[in-house]
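Everything below concerns the one structure shown next.
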Amino acid sequence: MYDSFHRPINYLRVSVTDRCNLRCVYCMPEEGVPYIPHSRVLSLEEIAEAVRVAVDLGVHKVRLTGGEPLVRKGIVELVKMLSAIDGIKDLAMTTNGVLLTRYAEKLKRAGLDRVNISLDTMDPEEYRRITRRGDLNEVLEGIKAARRAGLFPIKLNAVIPPNGDRSQALQVAEFAKENGFQARFIQQMNLQAGEFSIVEGGEGGNCARCNRLRLSSEGVVYPCLFSDNGYSIRRFGPREAFLKAVKHKPAQGLISNNNTFYKLGG
Ligand code: SAM
Ligand code: SF4
């Protein structure tokens with residue numbers, strides 16, 4: 001698939017839930033958010049069918065995200081369904097890592113290739129402050145479990161706070177280097193204010209080379225994180241929804257009044 005700016009579109013990010021076991025200060029309010037009722041959330045079969053259609057249309061890279069993908073019931077089953085689809089060259093997940101000790105091995109066996117783990121600091125107190133409830137040790141154990149399971153390469157995503165202080169992220173990069181992981185830095189963004197950032201060490205944020213579409217847990221295909229135009233796969237059917245999203249992919253991100261990271265997974 002090519003969009004109207006001749007960019008090849010071959011990467012689909014799938015948010016499998018809007019729920020999360022953490023409450024990161026830059027992502028969710030402390031009290032949480034009103035959850036999308038179960039009836040509106042796509043079933044595992046609907047997600048798999050949508051991905052199948054996307055692959056038929058030329059997608060070959062798929063990333064599961066959230067909310068926190070590992071709190072979605074049946075996530076291992078979903079990975080199994082997706083890894084059975086011919087044509088996916090790269091099946092990855094972005095996770096906060098808290099539940100990886102429980103799931104890494106099962107995910108690998110189900111066919112997941114690799115994980116990106118969000119980690120902003122190596123300091124346990126700072127980690128608890130940022131995530132409002134997380135235990136750094138659980139994440140570090142989760143990272144080890146991912147390595148043992150052979151999920152490779154492991155990338156660590158660190159958000160840089162608005163004051164630009166990189167000291168915490170640099171410690172994450174040091175930890176990554178010592179252990180053979182890759183670290184990527186991302187500036188904290190504000191979608192509503194149209195504050196946009198390039199991912200250092202990654203591909204995100206470079207509009208001219210953007211190759212992605214996003215599927216929300218409610219089944220809406222968004223052409224851009226910074227766009228309120230979405231096309232429901234339940235309303236249009238997956239094929240039409242993907243084609244409409246590709247057709248309306250903007251040249252670059254603008255402002256989104258509705259989208260949030262916990263809905264679209266970053
Ligand atoms: N829960 C999983 C996790 O944290 O990895 C997946 C979903 S989370 C929304 C995906 C990524 O978005 C995380 O790496 C997180 O740090 C990032 N993120 C969330 N809010 C952000 C913001 N306001 N600016 C920049 N990145 C953000
Ligand atoms: Fe949850 Fe990820 Fe958002 Fe943190 S960034 S609150 S872990 S969805």
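A quick note: this is a predicted structure, and the numbers were derived from the prediction, not measured. Counting starts at 1 for both ligands and their atoms, following the listed order.
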Worksheet entry | Same apolar cluster: Leu70 and Ile36, side chain cutoff 4.5 Å | no
Practice prompt. Could you list the atoms of ligand 1 found under 4.0 angstrom from a heavy atom of Val159?
Written response: 16 (O), 26 (N)
Fill in: Min N/O separation Asp120 to ligand 1 under 3.5 Å
no
Discussion item. Is there a polar contact between ligand 1 and Thr65, counting only N or O atoms under 3.5 Å apart?
Written reply: no
Worksheet, complete the sentence: When every non-hydrogen atom of Leu136 is compared with those of Thr121, the smallest separation belongs to CD1-O, 3.8 Å
Worksheet item: Should the heavy atoms of other residues, nucleotides or ligands under 6.0 Å from CZ of Arg234 be counted, would the total exceed 12?
Response: yes
Practice prompt. Dump the intermediate steps for side chain to side chain contact (heavy atoms under 4.5 Å, CB included) on Leu107 and Val76, then the final yes or no.
Written response: CA-CA 6 Å; Leu107 291 168; Val76 175; 4.2 Å; yes
Worksheet item: Quick one: does Cys24 get within less than 4.0 Å of ligand 1, heavy atoms only?
Response: no
Worksheet item: Just by distance, do the side chain of Arg148 and the backbone of Ala104 share a donor-acceptor pair under 3.5 Å?
Response: no
Worksheet item: For residues Ser167 and Asp165, is any side-chain donor paired with an opposing acceptor at under 3.5 Å?
Response: yes
Discussion item. For Tyr2, is the OH atom crowded, meaning more than 12 foreign heavy atoms sit under 6.0 Å from it?
Written reply: no
Discussion item. Test your reading of the structure: does Gly67 have an N or O sitting under 3.5 Å from an N or O of ligand 1?
Written reply: yes
Worksheet item: Are any of the N or O atoms of Tyr26 closer than 3.5 Å to those of ligand 1?
Response: yes
Worksheet item: Counting heavy atoms not belonging to Phe152, are there more than 12 under 6.0 Å from its CZ?
Response: no
Fill in: Interfacing atoms of ligand 1 (cut-off 4.0 Å, heavy-atom, Met189)
22 (C), 23 (N), 24 (N), 25 (C)
Worksheet item: In Å and rounded to the nearest 0.5 Å, what is the CZ to CG distance from Arg133 to Leu22?
Response: 7.5 Å
Worksheet item: Of the non-hydrogen atoms in Asn96 and Tyr127, which two are nearest, and what is the gap between them?
Response: O-OH, 4.1 Å
Item to complete: Please determine if Glu68 has a nitrogen or oxygen closer than 3.5 Å to a nitrogen or oxygen of ligand 1.
Response: yes
Worksheet item: Using a cut-off of 2.8 Å, how many protein N, O or S atoms lie below it in distance from atom 3 (Fe) of ligand 2?
Response: 1
Worksheet item: Just which atoms of ligand 1 are under 4.0 Å from any heavy atom in Gln187?
Response: 25 (C)
Worksheet item: Between Thr94 and ligand 1, which part of the residue brings a heavy atom under 4.0 Å of the ligand: side chain, backbone, both or neither?
Response: both
Fill in: Contact atoms of ligand 1, heavy-atom distance to Cys27 under 4.0 Å
19 (C), 20 (N)
Discussion item. Looking only at side-chain N and O atoms, does Glu68 offer a donor or acceptor that is under 3.5 Å from a partner on Thr95?
Written reply: yes
